[in-house]
Amino acid sequence: MSEALAVRVTGEVDDLTASGLLALARDRKAAEERAAADLLEVAARWADLHPPESIHHAASFSVPAAGWEHEEPIAGEGCPLVAEFCVAELGGVLGVSTVAAKKLIGHALELRHRLPRLWAQVHAGRVPAWKARAVAETTIHSSPALTKEAAGFVDAQVAAVAGRVGPAQLDRLVAEAIRLCDLAEADRTADPEDGYLYVDPRHVTVDTRDVHYAGTMRVEAELGIADALDLDRALTQGAAQRKALGSTDTLDVRRSQALGDLARTQTALDLAGVGADPQRLPAAREVVLHAHFDAGFSGDTTVFGPTGRLEKGQRLLLLEQVKSWCADTRTKVTIKPVIDLNTALHTDAYQVPDRIREQVVLRDRTCVFPHCTRPARRADVDHVIPHDPGAEAECRPQPGPTQTDNLAALCRGHHRLKTHSAWRYAMVAPGVFEWTSPHAYRYRRDNTGTTALDPPDAPPGIPRPRRP
């Protein structure tokens with residue numbers, strides 16, 4: 001307990017009491033909720049100042065669907081659209097990503113325009129902002145989409161109990177609103193007697209997003225009876241063969257290994273073509289891992305540390321796991337040369353060659369826009385100082401060369417933002433970038449994250465922003 005805190009509680013350190021601490025906790029919690037309500041108001045007004053006409057692009061979430069991306073509005077029917085590029089600036093001053101700022105604005109617009117009773121209760125202090133935002137998140141992303149009338153029904157029901165509803169109750173309210181407003185077609189697959197006639201449950205799902213520390217992934221499948229029995233028979237046989245060859249693993253482990261063997265064998269047969277000798281199949285697996293391990297020398301031998309980092313998902317990786325993955329005799333292992341991140345690479349062409357791109361990806365790791373965490377491997381490589389295609393023809397020095405110290409990883413959205421808005425950035429050291437927003441807020445971005453730099457003087461009448 002600091003002396004300054006104690007003085008704020010009672011005025012004297014010696015008079016500090018438990019009741020004083022509780023009173024301070026209550027006051028600070030109330031202040032926190034008032035600030036959260038004010039932030040929603042600020043977000044809504046920020047949207048008002050930036051209609052889509054200012055940039056001609058409405059703000060929206062880009063979400064993957066059926067192999068391509070479509071756009072989903074940030075708030076429901078009846079809410080105003082917002083200029084896309086204004087979102088990043090609000091996220092910057094709040095110290096959050098552009099996606100998080102987009103959600104904040106969407107929740108504010110949803111509450112103000114489609115859930116007005118709940119909006120009023122938030123500003124009256126009867127409902128915490130976080131509860132109201134949870135309701136807005138549900139009504140925004142309801143499927144099918146809620147009309148303004150349906151959202152009004154949810155608003156009336158939630159407001160009647162001052163926002164005291166849980167997730168299950170909220171889902172039931174949304175479902176009731178969908179039913180009352182006839183928004184959904186009858187789901188024939190839900191019929192308890194013949195619903196199976198309208199849906200095929202067969203599927204195989206590999207959850208590549210959830211990688212266990214043991215180096216495993218979850219696979220779930222629903223197969224036809226004949227296929228399931230054939231697969232079970234093949235796995236049983238494969239597990240038995242592994243045991244006969246000396247494997248001491250459990251039956252479950254051997255069955256899982258047999259499933260991998262089936263996949264690799266079929267891949268090898270496809271690669272070898274018709275009439276290939278099953279005993280002389282080509283390599284069916286190529287291990288492509290972007291793993292980072294510390295390495296040292298013991299005499300003339302390179303010695304790797306026991307643990308490292310798997311680039312995808314930033315997960316802990318054991319060296320023994322990598323060894324086991326590469327141990328299969330039909331696994332093709334390719335060792336790529338190490339790229340020194342301290343050596344500047346360059347080319348005279350505009351296009352970035354693979355070696356330079358790999359160096360930029362390894363250096364930046366993620367998109368270098370403030371607070372963005374999208375992986376650099378899926379990002380664009382941008383010329384920090386734009387490349388001038390006419391420089392060579394006019395015998396002028398190239399102002400934006402294709403070299404390591406003029407390249408940065410930017411995700412597609414922030415690449416567009418940098419190209420078509422007033423956001424500007426410069427590389428002040430290898431892998432260290434300083435960004436300036438349209439309102440002259442400055443941020444430093446390096447491989448440790450984002451740091452807000454001292455902002456400029458605020459215009460008259462507006463409080464000077466304070467650095468956290």
TODO: Apply the test salt bridge (Lys or Arg N to Asp or Glu O under 4.0 Å) to residues Asp380 and Lys418: give CA-CA distance (whole Å), side-chain angles for both, the deciding distance (0.1 Å), then the verdict.
DONE: CA-CA 12 Å; Asp380 298 335; Lys418 174 257 180 181; over 6 Å; no

TODO: Could you walk me through whether Lys131 and Leu118 pass side chain to side chain contact (heavy atoms under 4.5 Å, CB included), step by step?
DONE: CA-CA 10 Å; Lys131 284 190 175 181; Leu118 195 55; over 6 Å; no

Task: Chi angles and distances behind the side chain to side chain contact (heavy atoms under 4.5 Å, CB included) call for Trp119, His113 - done: CA-CA 9 Å; Trp119 173 261; His113 292 274; over 6 Å; no

Open item on the list: Go through it in stages, so that I can follow the logic: the residues are Phe433 and Leu410, the test is side chain to side chain contact (heavy atoms under 4.5 Å, CB included), and I'd like the CA-CA distance, side-chain angles, deciding distance and then a yes or no.
Closed with: CA-CA 12 Å; Phe433 304 88; Leu410 288 179; over 6 Å; no

TODO: For salt bridge (Lys or Arg N to Asp or Glu O under 4.0 Å), just list the numbers for Lys29 and Glu32, CA-CA rounded to whole Å, side-chain angles, deciding distance to a tenth of an Å, and then say yes or no.
DONE: CA-CA 5 Å; Lys29 182 62 177 177; Glu32 179 186 11; 3.6 Å; yes

Task: salt bridge (Lys or Arg N to Asp or Glu O under 4.0 Å) assessment of Arg202 paired with Glu222 - done: CA-CA 5 Å; Arg202 291 177 296 180; Glu222 184 89 13; over 6 Å; no

TODO: Quick one: do Arg172 and Glu176 satisfy salt bridge (Lys or Arg N to Asp or Glu O under 4.0 Å)? Show the steps, please.
DONE: CA-CA 6 Å; Arg172 287 195 292 270; Glu176 181 67 11; over 6 Å; no

Task: Derivation and outcome, side chain to side chain contact (heavy atoms under 4.5 Å, CB included), residues Glu137 and Glu110 - done: CA-CA 9 Å; Glu137 178 73 7; Glu110 180 78 1; over 6 Å; no

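Between the Thr450 side chain and the Pro370 main chain, no donor and acceptor come within less than 3.5 Å of each other. No donor-acceptor distance shorter than 3.5 angstrom exists from the side chain of Ser142 to the backbone of Thr138, with no hydrogens or angles considered. Within the 3.5 Å criterion, the main-chain N or O of Val352 finds no donor-acceptor partner in the side chain of Arg355. Side-chain atoms of Gln121 come within 3.5 Å of backbone N or O of Ala159 as a donor-acceptor pair. Listed for the Arg363 side chain is a donor-acceptor partner under 3.5 Å among the backbone atoms of Thr404. The main-chain N or O of Gly92 is never found under 3.5 Å from a side-chain atom of Tyr441 such that the two would form a donor-acceptor pair.
Taking each heavy atom of Pro438 and Glu89 in turn, the nearest pair found is CD-OE1, 3.1 Å. The two residues Arg357 and Val381 make their nearest non-hydrogen contact at NH1-CG2, 3.1 Å. Residue Ala132 comes nearest to Val127 through the heavy atom pair N-CG1, 4.3 Å, listed as atom of the first residue, atom of the second, then distance. Considering all non-hydrogen atoms of both residues, Cys411 and Arg374 come closest at SG-NH1, 3.6 Å. Of all heavy-atom pairs spanning Ala426 and Val384, the tightest one is CA-CG1, 4.0 Å. When all heavy atoms are compared, the tightest approach of Pro430 to Met427 is CA-SD, 4.1 Å.
Applying the 6.0 Å contact sphere to CG of Asp354 captures no more than 12 heavy atoms from other residues, nucleotides or ligands. Other residues, nucleotides and ligands place no more than 12 heavy atoms under 6.0 Å from the CZ atom of Arg218. Within a 6.0 Å sphere centred on CD of Gln169, other residues, nucleotides and ligands contribute more than 12 heavy atoms. For Arg133, the CZ atom is densely surrounded, since the number of other residues' heavy atoms within 6.0 Å is greater than 12.
Relative orientation of the Trp46 and His439 rings is tilted, given thresholds of 30° and 60° on the angle between their planes. Classification of the His414-Phe369 ring pair by plane angle, with boundaries at 30° and 60°, yields parallel.
Exactly one residue among Leu109, Thr147, Asp155, Leu146 makes a side chain to side chain contact (heavy atoms under 4.5 Å, CB included) with Arg114. That residue is Leu146. Partner of His107 under the side chain to side chain contact (heavy atoms under 4.5 Å, CB included) criterion, chosen from Ile74, Val135, Ile140: Ile140. When each of Thr366, Thr451, Asp364 is paired with Arg445, the side chain to side chain donor-acceptor pair (under 3.5 Å) condition holds for Thr366 and for no other.
Asp182 CG to Arg179 CZ: the interatomic distance, rounded to the nearest 0.5 Å, is 8.5 Å. Annotation: the span from Leu235 atom CG to Asp252 atom CG amounts to 11.0 Å, rounded to 0.5 Å. If you take CD on Gln403 and CD1 on Ile356, they are separated by 8.5 Å, rounding to the nearest 0.5 Å.
No side-chain heavy atom of Val96 sits less than 4.5 Å from a side-chain heavy atom of His371. The side-chain heavy atoms of Ser97 and Thr373, taken from C-beta on, include no pair separated by under 4.5 Å. Residues Glu358 and Arg377 form a side-chain contact, since some pair of their non-hydrogen atoms from C-beta on lies under 4.5 Å apart. With a 4.5 Å cut-off on side-chain heavy atoms, His383 and Asn406 count as touching. A heavy-atom distance below 4.5 Å is found between the side chains of Leu104 and Leu40.
Asp446 and Thr448 form a side-chain donor-acceptor contact under 3.5 Å, judged by distance and modelled atom types alone.
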